[in-house]
Amino acid sequence: MPDFFSLQGKTIVISGASSGIGKSCAELCSASGARLILLGRDISRLEDAFKDFQFQHKPLFFELDITSEEEVSQLAKTLTEQGEKISGFVHSAGLKYTLPLKNTGTKILTESFTVNVFSGFYLARAFSQKKLKAENQSFVFISSIAGVVGEPANLAYSATKGALISGTKSLALELAKQKTRVNCVSPAMVSTPLSEKMFDAIGEEATNNILEKHPLGIGNPEDVAKSVIFLLSEGSGWITGTNLIVDGGYSAH
């Protein structure tokens, strides 16, 4: 029986691959047979993140400011010259500000949208070009449950993640004719160094309140990465324009 969830023979690009969900996506994509092109703001940090990991196929590492249209265009040119064909793209890069409305000004909103939304769309535009795309292609944006349900003091993050979800639907319709599928994954709280630091800062009572909202407990990056593998694979070949919620039951309340 064919393995519909294999990524063998596919080249996958991952942004934000240095840590957290992006790093876990890279590891599982490699284990599933993919060849990887990994993007990060700091190439030394990116390479260090995988110094002990055994890739099935030697990856390419690129230091890139994904918020720069010029740098993204140059990356596309470089990959085209190298004869690359992109089978899939995962936009995992992102940032989060937890601030009340009174402290959420133009700078915070602009930076949040530029990193979380615009950069992902710049990359999707680049990789969907005919000269770079593989015959069948899949894009996956890492959104958040915050883009589906409200969270106090989380305006910028929620707004950007909601924009990714709605943008995904438009891209899915536009790119379907060229056999490029576009989907989102929306996780709830995931255990990462950043979330652990947050738990330390907010104290035991607030931490327990968050834990109680996740019936299956706090997730880990691999829980999200498994869903990403599914959406990149031929096993999800008839799925596009979907927001896959991976939240341990958080939104079932």
hydrophobic_cluster_shared for Leu244 and Leu7, side chain cutoff 4.5 Å:
yes
Side chains of [X] and [Y], heavy atoms from C-beta outward: is any pair under 4.5 Å?
X      : Y      : result
Ile66  : His91  : yes
Glu63  : Glu47  : no
Ser87  : Asn136 : no
Val228 : Leu28  : no
Glu151 : Thr98  : no
Asn154 : Lys96  : yes
Ile21  : Pro187 : yes
Thr180 : Glu174 : no

Please check if the side chain of [X] supplies one atom and the backbone of [Y] the other of a donor-acceptor pair under 3.5 Å.
X      : Y     : answer
Ser233 : Ser6  : no
Ser30  : Ala26 : no
Thr80  : Ala76 : yes
Lys131 : Gly83 : no

With Gln137 as partner, the option from Arg181, Lys179, Gln178 fulfilling side-chain contact (heavy atoms from CB on, under 4.5 Å) is Gln178
Considering residues at least two apart in sequence or located in another chain, which fulfil the salt bridge (Lys or Arg N to Asp or Glu O under 4.0 Å) criterion with Glu234?
Lys10
Tell me every residue that passes salt bridge (Lys or Arg N to Asp or Glu O under 4.0 Å) with Glu69, counting only those two or more places apart in sequence or in another chain.
Arg125
My understanding is that only one of Glu84, His57, Gln56 makes a side chain to side chain donor-acceptor pair (under 3.5 Å) with Arg35; could you say which?
Glu84
Nearest 0.5 angstrom please: [X] [atom1] to [Y] [atom2], how far?
X      : Y      : atom1 : atom2 : answer
Ile86  : Ser138 : CD1   : OG    : 13.0 Å
Ile12  : Cys25  : CD1   : SG    : 10.5 Å
Met189 : Ile145 : CE    : CD1   : 12.0 Å
Leu79  : Gln74  : CG    : CD    : 10.0 Å
Lys77  : Gln129 : NZ    : CD    : 12.5 Å
Leu46  : Ser18  : CG    : OG    : 4.0 Å

Would you say that more than 12 heavy atoms from the other residues, nucleotides or ligands in this model lie under 6.0 Å from the CD of Glu70, or not?
no
Parallel, tilted or perpendicular: which describes the rings of Phe139 and Phe89, with under 30° parallel and over 60° perpendicular?
perpendicular
Please report, to 0.1 Å, the donor-acceptor pairs under 3.5 Å made by any side chain of residues 160-169, with sequence neighbours excluded.
residue, atom, partner, partner atom, Å
Thr160, OG1, Asn116, ND2, 3.1
Thr160, OG1, Ala156, O, 3.2
Thr160, OG1, Tyr157, O, 2.8
Lys161, NZ, Ile142, O, 3.0
Ser166, OG, Gly162, O, 3.3
Ser166, OG, Ala163, O, 3.2
Thr168, OG1, Leu164, O, 2.8
Lys169, NZ, Gly241, O, 3.3

Contacts of Phe113 meeting ring pair (Phe, Tyr, Trp, His ring centres under 6.0 Å) (sequence neighbours excluded), chain-then-number -> none
Of all pairs that satisfy side chain to side chain donor-acceptor pair (under 3.5 Å), the ones with a partner from residues 207-222, not counting sequence neighbours:
Asn220-Asp223
Heavy atoms only: give me the nearest [X]-[Y] pair and the separation to one decimal.
X      : Y      : answer
Ile108 : Ser112 : O-OG, 2.8 Å
Gly248 : Pro215 : O-CD, 3.0 Å
Leu60  : Phe62  : CB-CE1, 3.9 Å

Taking the six-membered ring for Trp and the single ring otherwise, decide whether the centroids of Phe121 and Phe141 are under 6.0 Å apart.
yes
Side-chain donor-acceptor contacts of residues 48-55 below 3.5 Å, not counting sequence neighbours, with atom names and distances?
residue, atom, partner, partner atom, Å
Asp48, OD1, Lys51, NZ, 3.4

